[in-house]
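Have a look at the structure below before the remarks.
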Amino acid sequence: MLPLRASATVISSPRPTLGSPASEASPGGSREAARSVPAGPSPSSPSPWVGPGFAEFVGIVALMMAVTAMSIDNLLPAFPLIQERFGVADPNSLQLLVYVYMIGFGVAQIVYGPVSDALGRRPTLLISLGIYTAGCILSMLAPSYEWLLASRVIQGMGAAGGRVLATAIVRDRFSGREMASVMSLIMMVFLIVPMLGPAIGATMLLLGSWIWVFVSMLALGGILTLWFALRMPETLHPEYRRPLSLRATGQALATVLRNRAAIGYATALGLLTGCIMGYVGSAQQVFDTGLYHLGGLFPVAFGVVAGAMGAATLINSRVVRWLGMRTLSHAGVTAFTAVGLVQVGIGLHYQGHPPLVLFLSVLALNQFLISFALPNFNALALQPLGAIAGTASSFLGFYTTILGAFCGFVIGHAFDGTVMPVAYGYALLGALALLTVAWTERGRLYRAGVSG
């Protein structure tokens, strides 16, 4: 058995300062960064990092985020059985199993950041995993579809802790391009889950009931709880702790809202997340029951698309240190928008029913391109907010998730038996994300915008 680490006495290395070489300037340059981050004490004589090695650190944090993806993706093959069990009349209504989960996931994030900034990362995550476990059990016992939806909200609220604290823990230890590189590696591991999620869900269904899908979620939550409790020390430096009060939280939120880079890149991230959510919400209908009727091959098609994202995040992690977050993310969102327009053209040419191989190829290409934007947008949004990483991650996570869930619901609920809702959604949201980035950088793409 792995040795148990002390939770509060072991601290991480201090974050690099915003003016260090590891940082990448935010729009407005160092003057805006100086205005945006409240002055705070500098850690004195920090203890060396004695937590897990780099590979294990990435694995733990990736699993914290993967719980969210697993709780969505491996449920998709169970939609027909759930529809039959609860007599759901409209197949599009099954997408609510995804979107109510994301609502709980988004709303709860606003709480975990301030709590973790006050109490620490470890106890906050363990509490959130307890809530997630309760949601899994309630879902397994659901006597009605309404009960199941409510249980999914609770499940999402618990999973939100992993999303907020994964980003905060990485920000506790890394900054700038180094943070973007680490986040890309974490995203690569995290994206393996969508490749396996539907296959795991389909395997669980072989046991005879959709309830076994929730058993697999419960098992994953238990593995994460044990691994994190045994191996991950507290990463929040004591001198960065903030009091748990409405006034302190309000001051931190005001700091976030005043920062152009944080709000701009978070908005772009939310719009692109809407593309992902729209695709995921309607994937089971597109590939299986509503359009291509792949049946048991649905997990394969889903995995191909996820594999493209994983490959892109691996490439991003290797080259972001040299090319920079802006160059990669701006190029990614520009190309994503262009391919989205091509996707619309292909869909119209084939009257909404393009050949499977062609549709899958273009979709995978777009998911490949979007993966150069997502982790870098996340890092750019948090870059100037290191002193309030927990609260900032919490608020920005809430904002991007709710925005993404809303956009995704609009795309997914518009499913009409064709690929056109996904195509239009990708092109429109990609264009809006590109315009948002241009606004954030004051029209100067691929480099930091002017000050002021």
Side-chain angles (χ1 to χ4, degrees), residues 58-76 95-113 116 121 124-136 139 151-170 183 186-198 200-201 213-214 216-225 227-228 269-270 272-281 283 302 306 309-310 313 371 374-375 378 393-394 396-405 408-409:
V58 169
I60 294 174
V61 178
L63 186 59
M64 290 167 61
M65 298 182 67
V67 165
T68 299
M70 177 64 79
S71 300
I72 295 173
D73 297 336
N74 73 343
L75 188 60
L76 299 179
Q95 296 178 17
L96 290 173
L97 290 168
V98 173
Y99 298 122
V100 299
Y101 173 92
M102 293 304 298
I103 290 173
F105 179 81
V107 170
Q109 288 185 60
I110 204 71
V111 176
Y112 288 120
S116 75
R121 314 302 189 206
T124 306
L125 180 70
L126 294 175
I127 290 171
S128 75
L129 288 172
I131 297 172
Y132 176 81
T133 299
C136 291
S139 296
S151 300
R152 289 286 285 171
V153 174
I154 296 172
Q155 198 179 11
M157 292 172 66
R163 162 63 176 82
V164 171
L165 294 168
T167 307
I169 287 171
V170 173
M183 286 302 299
I186 289 169
M187 287 295 292
M188 182 192 68
V189 178
F190 159 71
L191 287 169
I192 293 174
V193 174
M195 296 174 64
L196 303 176
I200 293 173
V213 176
F214 287 97
S216 68
M217 299 180 197
L218 189 63
L220 185 66
I223 292 170
L224 174 58
T225 300
W227 194 7
F228 184 89
L269 179 61
L272 295 184
T273 301
C275 297
I276 302 293
M277 295 309 304
Y279 158 66
V280 170
F302 199 86
M309 298 182 71
T313 53
S371 300
L374 295 177
N378 190 48
S393 176
S394 181
L396 295 178
F398 158 78
Y399 174 52
T400 57
T401 301
I402 294 301
L403 178 58
F409 173 79

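Closest non-hydrogen pair, Ala159 versus Val67, comes out as CB-CG1, 4.4 Å. Pairing each heavy atom of Gly281 with each of Tyr99, the nearest pair is CA-OH, 3.6 Å. The heavy-atom pair separating Ile131 from Ile154 by the smallest distance is CG2-O, 3.7 Å. When all heavy atoms are compared, the tightest approach of Ile103 to Ile402 is O-CD1, 4.1 Å. Of all heavy-atom pairs spanning Ala160 and Ala108, the tightest one is CB-CB, 3.9 Å. Nearest heavy atom pair, residue Ile200 against residue Met70, reads CD1-CE, 3.6 Å.
Under the ring-ring contact (aromatic ring centres under 6.0 Å, His included) criterion, Phe228 pairs with no residue, sequence neighbours left out. Partners of Tyr399 by side chain to side chain contact (heavy atoms under 4.5 Å, CB included), not counting sequence neighbours, listed by chain and number: Ala266, Thr267, Leu403. Residues satisfying the side-chain hydrogen bond (donor to acceptor under 3.5 Å, both in side chains) criterion with Ser216, sequence neighbours excluded, are Asn74.
Taking 4.5 Å as the limit, some side-chain heavy atom of Met102 sits within range of a side-chain heavy atom of Ile72. By the 4.5 Å heavy-atom criterion applied to side chains, Val107 and Thr401 are not counted as neighbours. Inter-residue side-chain proximity for Gln155 and Phe214 is flagged as met; some heavy-atom pair is nearer than 4.5 Å. Counting heavy atoms from C-beta on, the side chains of Met217 and Ser139 never come closer than 4.5 Å. Within the 4.5 Å cutoff, the side chain of Val98 has heavy atoms near those of the Leu76 side chain. Between Val111 and Met157 the shortest side-chain heavy-atom distance does not fall below 4.5 Å. Inter-residue side-chain proximity for Val61 and Val170 is flagged as met; some heavy-atom pair is nearer than 4.5 Å. Under the 4.5 Å side-chain criterion, counting only non-hydrogen atoms from C-beta, Met64 is in contact with Leu125.
Evaluated for a side chain to side chain contact (heavy atoms under 4.5 Å, CB included) with Arg163, the options Phe398, Tyr112, Phe105 yield exactly one hit, Phe105.
If you check the side chains of Arg121 and Ser116, you find a donor sitting under 3.5 Å from an acceptor.
Remark: aromatic rings of Phe302 and Tyr279 are close, center separation under 6.0 Å.
Rounding to the nearest 0.5 angstrom, the gap separating the CG atom in Leu224 from the CG atom in Leu129 is 5.0 Å. Distance check: Leu220 CG to Thr225 OG1 gives 9.5 Å after rounding to the nearest 0.5 Å. Here the straight-line distance linking atom CG of Leu396 with atom OG1 of Thr167 works out to 9.5 Å at 0.5 Å rounding. Note: Ser71 OG to Leu97 CG = 12.5 Å, rounded to the nearest 0.5 Å.
A donor-acceptor pair is defined here as one N or O able to donate and one able to accept, closer than 3.5 Å; no such pair exists between the side chain of Tyr101 and the backbone of Ser151.
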